[in-house]
Number of protein chains: 2
Amino acid sequence: MKQISTRFSMAIHTLSLISMNPNDSTGDYIAASVNTNPVVIRRIMGMLKKAGLVEVRPGIGGASLRRDPESITLLDVYRAVHAADEDQLFRVHTDTNIHCPVGRNIERVLQEELQAAQSEMERRLERTTLAKVIHQFE
Amino acid sequence: MKQISTRFSMAIHTLSLISMNPNDSTGDYIAASVNTNPVVIRRIMGMLKKAGLVEVRPGIGGASLRRDPESITLLDVYRAVHAADEDQLFRVHTDTNIHCPVGRNIERVLQEELQAAQSEMERRLERTTLAKVIHQFE
DNA sequence: ACCGTTGTAACCATTATAGTTACTACGCAA
DNA sequence: TTGCGTAGTAACTATAATGGTTACAACGGT
């Protein structure tokens, strides 16, 4: 099965470090904690920046949160790093046979059901703040 | 972003047709409604069979449900077609730096949070039965 | 001017997906 | 018994996302 990318968990990791230690939080420093290549972290920081979650200091290095960690939810992070796609968790097959009553209606019916399931998941992510996550590291 | 495979929606489509019309439900017939290659359907039918949801008739052709559509939930189907992986929706990066308090704890902390979000989604899938889906085609 | 940093482009290996061809095994019906 | 339509599967393909890597330009403080 296709799983949700580790970009998401790496982004939470990244935000935690930035929140706890803004000055040291260079791409290299975070990469050492995540244990990956600094470019991977810089890419994620770019997405977090575009989403308005962090402010990065080019030249001097480091980054800081642009919002209170109490106000940043895991859903915010999830959306930030999955920016590209239209954030539909479930794919539904299309171009079905319109001469069949199932083929004609399946897409609409499933979109409703699956969107509901996705929303439940997202609501749960929304209930956890970055602050709550960070609290478990201190 | 990586989305959940159309195998899931195709499997619901397949089960709907089998339930409504067991005798006609050959791989070719279903493939014509889904608009894909019959082998894709036969692969999905194999997974549904392994999960105990359908009974296939080799030689003669067609298939039938092994359980009442009222008792088959979308979660059953979801689990059936994602059989391979350990059904963890979210991947979490591993091998983090254990000398960092964040790196040392991130995996455990996130596994809990993300499992909770996944469970919410699954609970929602569990509340919709195949019968309810089929009802919308009739 | 130097140096460490950020921002990106480009490339790569790996993996899952969905489709395809091809072949064997099955079971009814002529 | 043979033929035919079907299921079951292996093998191959093209496509796409991922995560890592190298390389280099731009930035900014010392």
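A, B, ... follow the sequence lines: proteins, then strands. Residue 1 opens every chain.
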**Student:** Atom OH of B:Tyr29 to atom C1' of D:dA7: distance rounded to whole Å?
**Tutor:** 18 Å
**Student:** Under a plain distance cut-off of 3.5 Å, with no hydrogens placed, do B:Thr36 and A:His93 share a side-chain donor-acceptor pair?
**Tutor:** no
**Student:** Using the six-membered ring wherever Trp is involved, compare the ring planes of A:His82 and A:Phe8 and label them parallel, tilted or perpendicular (cut-offs 30° and 60°).
**Tutor:** perpendicular
**Student:** Which part of the nucleic acid, if any, lies within reach of B:Gly46 when heavy atoms closer than 4.0 Å are counted: base, sugar-phosphate only, or nothing?
**Tutor:** nothing
**Student:** Quick one: which of C:dA18, D:dT18, D:dG8 gets closest to the side chain of A:Arg7?
**Tutor:** D:dT18
**Student:** Indicate, with a heavy-atom threshold strictly under 4.0 Å, whether B:Gly61 touches base, sugar-phosphate, or nothing.
**Tutor:** sugar-phosphate
**Student:** Does either side chain, that of A:Ser33 or that of A:His13, offer a donor lying less than 3.5 Å from an acceptor on the other one?
**Tutor:** yes
**Student:** Looking only at the side chains, is there a donor atom on one of B:Glu55 and B:Ser64 sitting less than 3.5 Å from an acceptor on the other?
**Tutor:** no
**Student:** Using whole Å, what does the distance between atom P of nucleotide D:dG19 and atom CE of A:Met47 come to?
**Tutor:** 10 Å
**Student:** State whether A:Lys49 places a side-chain N or O below 4.0 Å from either non-bridging phosphate oxygen (OP1 or OP2) of C:dT6.
**Tutor:** no
**Student:** In whole angstrom, give the distance that lies between atom CG of B:Leu48 and atom C1' of D:dA7.
**Tutor:** 14 Å
**Student:** Where along residues 30-45 of chain B does a heavy atom fall under 4.0 Å from DNA chain D?
**Tutor:** B:Val39, B:Arg42, B:Arg43
**Student:** Of the nucleotides C:dA18, D:dA7, D:dG20, which one has an atom closest to the side chain of A:Arg91?
**Tutor:** C:dA18
**Student:** Output the distance between atom CG (B:Leu110) and atom CE (A:Met10), rounded to the nearest 0.5 Å.
**Tutor:** 11.5 Å
**Student:** Rounded off to whole Å, could you give me the CD-to-P distance for the B:Glu55 and D:dA7 pair?
**Tutor:** 14 Å
**Student:** Tell me which of A:Pro58 and A:Met10 sits closer to the 5' end of DNA chain D, going by the nucleotide each one is nearest to.
**Tutor:** A:Met10
**Student:** Please state how far atom NZ in B:Lys50 lies from atom P in D:dG8, giving the value in whole angstrom units.
**Tutor:** 12 Å
**Student:** Roughly how far apart are A:Asp95 CG and A:Glu107 CD, rounded to 0.5 Å?
**Tutor:** 8.5 Å
**Student:** Does either side chain, that of A:Ser71 or that of A:Asp68, offer a donor lying less than 3.5 Å from an acceptor on the other one?
**Tutor:** no
**Student:** Check the distance between C:dA18's P and B:His82's NE2 and give it to me in whole angstrom.
**Tutor:** 9 Å
**Student:** Send over the distance from A:Asp28 CG to C:dT6 P, rounded to a whole Å.
**Tutor:** 7 Å
**Student:** Just compare D:dT6, C:dT17, C:dT6 and give me whichever is closest to any side-chain atom of B:Ser5.
**Tutor:** C:dT17
**Student:** Name the residue closer to the 5' end of DNA chain D, choosing between B:Val56 and A:Thr6 according to the nucleotide with the nearest heavy atom.
**Tutor:** B:Val56
**Student:** Could you check how far CD1 of A:Ile60 sits from P of D:dG29, rounded to whole Å?
**Tutor:** 6 Å
